[in-house]
Every structure is written in C-alpha cells, then in structure tokens.
Student: 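Got a structure here, written out as structure tokens. Questions coming.
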Amino acid sequence: MAARTAAAKDVSSAGVTAAEQRALAAAVRALPKPSVAAWAVNILAAHSPESLRELAALGTSMQAAQDALDAADLRRLAQQRRQLLASTVREAQALAARHGRAISAAVATEVEQTLRAATADPGAAAAVQSGCLLRALSADGVDVVDLAGAVAVPGSHAVTVPGTGAASGTASVRGTEPAPGAGGTEPADLTAERGGTAGGKPTTEQPRLRAVGTARLTATPSAVERARAALEAAEVAAAEADEEAGRAAAELAEVTAETTLLADEVRELRRRLDVAEAGLKTARKDRELAAALAQQTARAAERQRRKEVLARERVLRLGNTPEQ
C-alpha cells in the first residue's frame, strides 16, 4: 500500500489529470496477482535492487567467461553464484517476514530458480529487476528463459547494464516490444529494404541488386574449443545440480525420519489409549459391582438396626412388668 501511495503521488506531481489517474488505477487493479515466489522477488526488486544488479552482472561475467573458453574463471564464478544465490534467497525470506509473510522451503526453491535464471539470460534479468514479475522463472542452461506471461506490465522496464548506467535494448523483456507503427517509426535500413524512405515515399533511384559488403572476419573458436567450453559449462551445471539434489535428498531424509518418529509416537499413543479405554471399562464394571454391594450392605444394616430397636423395646417392656 505504501508503494502504491508513493506511486500515486509521483503521478500527481507529474501533472496527470484526475481522469488519467482513475484510468491508471483501474489498469493497476486489473493486473493479475503474482505467485508467492514472484512476490518475494518483487520485494527484492523494491527493497534490495543492488542484489539483483549484482546477480545480473555475475551472469554477464559468466557468459563472458564461457565465450572466452576460460574454464577456471567459469568454475570460480559458478562458486560465487552459489554463494550469492544463497545469500539473496535468505534476504528475500527476511524481507518477506518483515512484510508479514513466511517463505516456505518450496517457495524458497522457486525464488532461487528465478534468480538463477536471471544470471543465465539477460531477458530474465530484466524481468526480475522490473519488480512486476508474475510467476517464477527457470533456466535449463541451453534455451532462453520463457518469459511469456511472466511480467505484469510488459515493455515498461529495461535492465541497466552494470558499469554503464545506461539501459540496454538487448536486455529488455523479450516479446514485449511495441510493434512497428505503434507510436514509433521503422528503422531507416528496414525502410530502404522495403523500397522507400523513412517518410514512406519511394526513392528516385533504387538499385535492383545490392552489393554484398565485405566485413572484417574475426577469429572464432574452433568446433573443438566450443565443444570444450560447452562441456565445462555442462560440468558446472551438473555439479550445481548434484549439490541441489544432495540438499533435496538430505531434506527428504530428515523429513522422512521425522515422519517415522511421529508415526511411532502416534502408534504408541493409540496403544496407550486402547489400554486406558480397557482400564476405564473395567473400572466402570467394578464401580457398578461396588455400588450394588454397597446398596445390599446398606439394606442389611438397616434390617439389623430395626432388629436392635425391637430387641431394646422388648427388654424395656419386660423390665417394667412385675414378676408373678
């Protein structure tokens, strides 16, 4: 609510009319709600954007190391990424707790996967830093991250390239760029290829065939070098997957042991309950027998008291009667 109020004040100070403010408010209310993991990442973007920028910069460094076929640097950066991901997830959990919501282990895993995707793909980094994420992201290290339906306000945010301070067009969220003609103009080279100028008028002289320019060829890695770099990246990803699988297996073993312990306690409590119920049943029977016996003895005592009274009266009568 505080963020929305601050945004509303910014809009008011920008000279937006009341009608436009109402339209913006309606548009905001119509936005879909993010998942818990996406909400946690958005909290990071709002309160700790430097952590997300650090992850994006680390992803850029890892891509550069992979392009340079630097296996040692790639392993070092992978270790740094594991440490940074762990600390950032803990920071997200702390921020979520301060905002009144606890992050479960499953949600924390989704948050880590989303942050890992931000280090693997510039578009995912832009989506994560936008603060408008709707769902968790995942990266397999091969294909680009699927960002369809991942951002609430597509095209409204772009990630800043670390070290430059400028927004990168290649790092904007893919699939959200405005279409040609919607408030913009086509590039001049694309217009020329279509046979016209930027204003839409055909050029007076347009050659039917365009000469192929000679570009300077730069040395590229051989197929073996590229394969080795891919192998190094795959080994790093496999090591990270093994560590994650080990943590998951350890957590599973811990939960299984706790479940077994609780099941044993439940069985013991049920056994004790059965014994207690059997004892209660026996005690009730003993109580009924004791009540019946007490009633019988009370009646016998009453009869004896009556006999005693009759005997005392007889003695008194005999004592008062003179002997003949």
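If you read the sequence from its start, that first residue is 1, and numbering goes on from there.
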Student: For Ala118 versus Ala125, what's the shortest heavy-atom pair and its separation?
Tutor: O-CB, 3.4 Å
Student: Could you tell me whether the side chain of Leu147 reaches within less than 4.5 Å of the side chain of Val151, counting heavy atoms only?
Tutor: no
Student: Would you say the side-chain atoms of Gln113 and Ser138 include a donor-acceptor pair closer than 3.5 Å?
Tutor: no
Student: Which of these passes side-chain contact (heavy atoms from CB on, under 4.5 Å) with Val128: Val41, Leu44, Asp121?
Tutor: Val41
Student: Taking the side chain as every heavy atom from C-beta outward, state whether Gln83 and Gln79 have any pair of such atoms under 4.5 Å apart.
Tutor: yes
Student: Does Glu302 come within less than 4.0 Å of Arg299, counting only side-chain N to carboxylate O?
Tutor: no
Student: I'd like to know if Arg312 pairs up with Glu308 as an ion pair, taking the criterion as any Lys NZ or Arg NE/NH1/NH2 lying under 4.0 Å from an Asp or Glu carboxylate oxygen.
Tutor: yes
Student: Are the side chains of Arg101 and Trp39 in contact, using a 4.5 Å heavy-atom criterion?
Tutor: yes
Student: In terms of side-chain heavy atoms, does Thr256 have a donor or acceptor partner in Thr259 at a distance below 3.5 Å?
Tutor: no
Student: Step through the shown structure and confirm whether more than 12 heavy atoms of other residues, nucleotides or ligands are within 6.0 Å of CD on Glu258.
Tutor: no
Student: Just so I know, are the side chains of Leu293 and Gln296 near enough to count as touching, which here means a heavy-atom distance under 4.5 Å?
Tutor: yes
Student: Quick one: does any side-chain atom of Glu20 pair with a main-chain N or O of Thr17 as donor and acceptor, under 3.5 Å?
Tutor: yes
Student: Just by modelled atom types, is the Arg82 backbone N or O under 3.5 Å from a matching donor or acceptor in the Arg116 side chain?
Tutor: no
Student: Closest heavy-atom contact between Ala124 and Ala117?
Tutor: CB-O, 3.4 Å
Student: Using a strict cut-off of less than 4.0 Å between a Lys/Arg side-chain nitrogen and an Asp/Glu carboxylate oxygen, indicate whether Asp274 and Arg271 qualify as a salt bridge.
Tutor: no
Student: Any link between Leu84 and Ile103 through a network of hydrophobic side chains (Ile, Leu, Val, Met, Phe, Trp, Tyr) touching at under 4.5 Å?
Tutor: yes
Student: Identify the heavy atoms of Val236 and Arg75 that sit nearest to each other, and give their distance.
Tutor: CG2-CG, 4.1 Å
Student: Can you name the closest pair of heavy atoms from Arg135 and Ser35 and give their distance?
Tutor: CA-OG, 3.7 Å
Student: Hey, what do you get for CG (Asp73) to CD (Gln80), rounding to the nearest 0.5 Å?
Tutor: 9.5 Å
Student: Other residues, nucleotides and ligands only: do more than 12 of their heavy atoms fall within 6.0 Å of CD on Glu254?
Tutor: no
Student: Does the side chain of Leu115 reach to within under 4.5 Å of the side chain of Glu112, using non-hydrogen atoms?
Tutor: no
Student: Is there side-chain contact between Arg305 and Val309, with heavy atoms separated by less than 4.5 Å?
Tutor: no
Student: Between Cys132 and Asn42, which heavy-atom pair has the shortest distance, and what is it?
Tutor: N-OD1, 3.5 Å
Student: If every non-hydrogen atom of Ala108 is compared with every non-hydrogen atom of Gln93, which pair is closest and at what distance?
Tutor: CB-NE2, 3.6 Å
Student: Could you tell me if the side chain of Leu77 sits less than 4.5 Å from the side chain of Arg81, heavy atoms only?
Tutor: no
Student: Check this for me: does any side-chain nitrogen of one of Lys281 and Glu277 sit under 4.0 Å from a carboxylate oxygen of the other?
Tutor: no
Student: Side-chain heavy atoms under 4.5 angstrom apart, residues restricted to Ile, Leu, Val, Met, Phe, Trp, Tyr: same cluster for Leu52 and Leu134?
Tutor: no
Student: With no hydrogens and no angle check, do the side chains of Ser61 and Gln63 hold a donor and an acceptor under 3.5 Å apart?
Tutor: no
Student: Look only at the side chain of Thr114 and the backbone of Ala136, and say whether a donor-acceptor pair between them is shorter than 3.5 Å.
Tutor: no
Student: How long is the gap from CZ on Arg53 to OG on Ser51, to the nearest 0.5 Å?
Tutor: 9.0 Å
